[in-house]
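First the structure, in the form of structure tokens, and then the observations on it.
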Amino acid sequence: MSTMTNQILIFDTTLRDGEQSPGCSMNIEEKLRVAAQLEALGVDIIEAGFAIASDGDFESVQAVARQCERAIVCSLARASRTDIDRAWAALRDAKRPRIHTFIATSPLHMKVKLGKSPEEVIEAIRESVSHARNVCDDVEWSAEDATRSEPDFLARAIETAIQCGARTINLPDTVGYGTPETYGAMFRDMIARVPNADLAVFSTHCHNDLGLGVANTLAAVMAGARQVESTINGIGERAGNAAVEEIAMALKIRADVLPYTTGIVSTEITRASRLVSAVTGMHVQPNKAIVGANAFAHESGIHQDGMLKDSSTYEIMTPESVGQGQTNLVLGKHSGRAAFRDKLDQLGYTLADNEFTDAFRRFKDLADAKKQVFDEDIVALVDDEVLRGHDRIQVIEVEVYCGSNGPQRAILTLSVDGEEATAATRGNGPVDALFSAIRKLVPHDEASLALYEVSAVTAGTDAQAEVSVILSENGRTARGVGAHNDTLVASARAYVNALNKLIIKRGRSALAA
Ligand code: KIV
Ligand code: ZN
């Protein structure tokens with residue numbers, strides 16, 4: 001079955017493996033927004049989360065399952081009845097549900113992590129996949145740490161999973177250890193030697209520890225894999241996962257040597273990338289392929305000259321083909337709603353009416369304070385204003401007294417679950433005073449500030465400040481961002497955003513996946 005078509009199924013795990021990135025967590029509304037964009041992008045399968053991890057994860061998987069119209073929605077589950085039943089309870093309302101169950105098959109993981117013999121692992125596969133198939137028709141099975149598994153044992157494990165009803169077999173490079181040659185060879189070998197391999201679609205899942213995630217994915221496709229698992233912007237555990245946008249564009253641009261198709265609507269890529277970056281607070285590095293700010297920038301004179309003569313001299317794809325529009329129209333205080341809406345559209349934002357009204361109000365305030373409002377300003381303010389709308393804790397008002405004649409003081413009003421409260425504090429500097437006020441209103445004694453970073457969104461002394469904050473608590477980290485033309489307001493917003501994310505993370509038990 002797996003090698004009969006050249007159509008590659010795109011399995012997006014931004015909401016599950018992507019969310020396992022250090023510091024990253026999304027609330028339910030953010031996940032729904034990302035899921036909607038993933039459907040617009042044309043992914044075939046959305047891994048919505050790990051339903052057993054926490055009540056919040058369960059609710060998110062359930063909400064995504066109920067929302068998706070076209071994509072298959074799946075939840076991860078360990079090889080246990082409790083996990084599988086919880087996954088199914090979250091998925092049962094989906095139009096197209098899938099249970100994704102996994103167990104480790106490498107000698108190291110079986111011995112050290114699971115404390116199981118190979119025979120016990122085979123038995124666990126038999127039980128878990130059979131149970132998953134009893135509740136759901138579409139079951140995917142993954143051999144965690146497949147790249148470090150014994151080939152003979154891996155083949156037996158795959159055969160067992162297929163016998164018990166799994167119709168997708170995923171062979172993850174869990175620790176990013178494979179190379180294109182070895183990862184491709186593993187697929188070729190397994191597809192050739194597992195007797196019932198023709199009953200399943202083989203799937204790739206590559207981590208990027210050696211920077212080879214996308215190369216390994218493509219090698220596996222050439223060896224017969226027909227599903228690829230990946231994340232937007234390549235976010236994920238440690239060095240991340242293979243990036244959806246890179247795989248999709250490699251297949252599109254190099255169709256001459258990679259003759260495979262996907263359902264990805266490439267013009268939706270930038271919109272998806274921006275959204276994921278905004279909701280997770282994980283910035284995209286400027287030189288990141290396809291979606292980085294410099295991906296289509298030309299600095300040297302020779303390149304610029306070539307571009308003016310014929311853009312194909314230095315561009316193998318157009319910015320428009322990945323959804324990057326014209327970005328040079330600058331707005332000012334006389335720009336109206338239509339111009340603002342047009343700009344949002346160009347930048348890849350689709351806002352509900354109330355979100356548009358909030359964003360427009362913020363834009364007008366900014367335009368009053370700043371002569372020219374650039375694209376970067378709008379991205380920062382929309383991400384800050386609109387995406388924070390569902391946070392449990394919100395910044396209502398900030399007043400700070402600072403200067404050389406201390407003590408510096410802050411008066412802060414927060415809304416916590418809809419109830420407003422105000423605190424006045426002193427500190428060793430205005431930021432310290434402000435953050436102390438947040439601690440006073442929402443105590444979180446075990447958390448410490450691991451990062452506080454300020455950057456300017458654009459050039460000029462009237463530029464908006466973009467602040468990043470990382471909070472760390474008992475091994476968990478949460479990242480928050482905030483933007484405002486007042487650096488201290490941006491600081492409060494960033495801290496509170498990180499705190500909201502930390503609260504989501506607290507609800508999640510430490511499950512390994
Ligand atoms: O990397 C991995 O092995 C995984 C599996 C749980 C699919 O994410
Ligand atoms: Zn993974």
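Any value given below was found using the heavy atoms of this structure, including those in side chains, with hydrogens, waters and symmetry copies removed. Read the numbers this way: they start at 1 and go in the same order the structure lists the ligands and their atoms.
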Give yes if a backbone or side-chain nitrogen or oxygen of His207 is under 3.5 Å from a nitrogen or oxygen of ligand 1, and no if not.
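Yes, His207 has an N/O under 3.5 Å of an N/O on ligand 1.
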
Tell me whether His100 has any N or O atom under 3.5 angstrom from an N or O of ligand 1.
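No.
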
Give the contacting part of [X] toward ligand 1: side chain, backbone, both or neither, where contact means a heavy-atom distance below 4.0 Å.
{"X": "Glu237", "answer": "neither"}
{"X": "Glu229", "answer": "neither"}
{"X": "Thr174", "answer": "both"}

To the nearest 10 degrees, calculate the angle at the Zn ion (ligand 2) involving OD2 of Asp17 and NE2 of His207.
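Computed angle, vertex at the Zn ion (ligand 2), rounded to 10 degrees: 100°.
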
Residue pair Asp85 / Thr82, side-chain donor-acceptor N/O under 3.5 Å:
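Checked: Asp85/Thr82 side chains show no N/O donor-acceptor pair below 3.5 Å.
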
Pair Thr105-Ser149, side-chain donor/acceptor within less than 3.5 Å
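Yes, side-chain donor-acceptor contact under 3.5 Å.
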
Can you label the angle between the Tyr452 ring and the Phe435 ring as parallel, tilted or perpendicular, going by 30° and 60°?
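It falls in the perpendicular class, over 60°.
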
Please work out whether the ring planes of His205 and His207 are parallel, tilted or perpendicular, with thresholds of 30° and 60°.
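Tilted, since the angle between the ring planes falls between 30° and 60°.
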
Quick one: which ligand 1 atoms are inside 4.0 Å of a heavy atom on [X]?
{"X": "Pro172", "result": "2 (C), 3 (O)"}
{"X": "Glu144", "result": "3 (O)"}
{"X": "His205", "result": "1 (O), 2 (C), 4 (C), 7 (C), 8 (O)"}

List in chain and number order the residues that pass ring pair (Phe, Tyr, Trp, His ring centres under 6.0 Å) with Phe11, two or more places apart in sequence or in another chain; answer none if no residue qualifies.
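Testing Phe11 for ring pair (Phe, Tyr, Trp, His ring centres under 6.0 Å), a comparison that skips the adjacent residues, returns His100.
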
Val139 and Arg98: side chain to side chain contact (heavy atoms under 4.5 Å, CB included), yes or no, with the steps?
CA-CA 6 Å; Val139 173; Arg98 170 181 293 185; over 6 Å; no

Does a side-chain N-to-carboxylate-O contact under 4.0 Å join Lys288 and Glu245?
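Salt bridge: yes.
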
Closest to atom 7 (C) of ligand 1 (judged by heavy-atom distance), picking from His109, Gln20, Arg16
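Of the listed residues, Arg16 has the closest heavy atom.
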
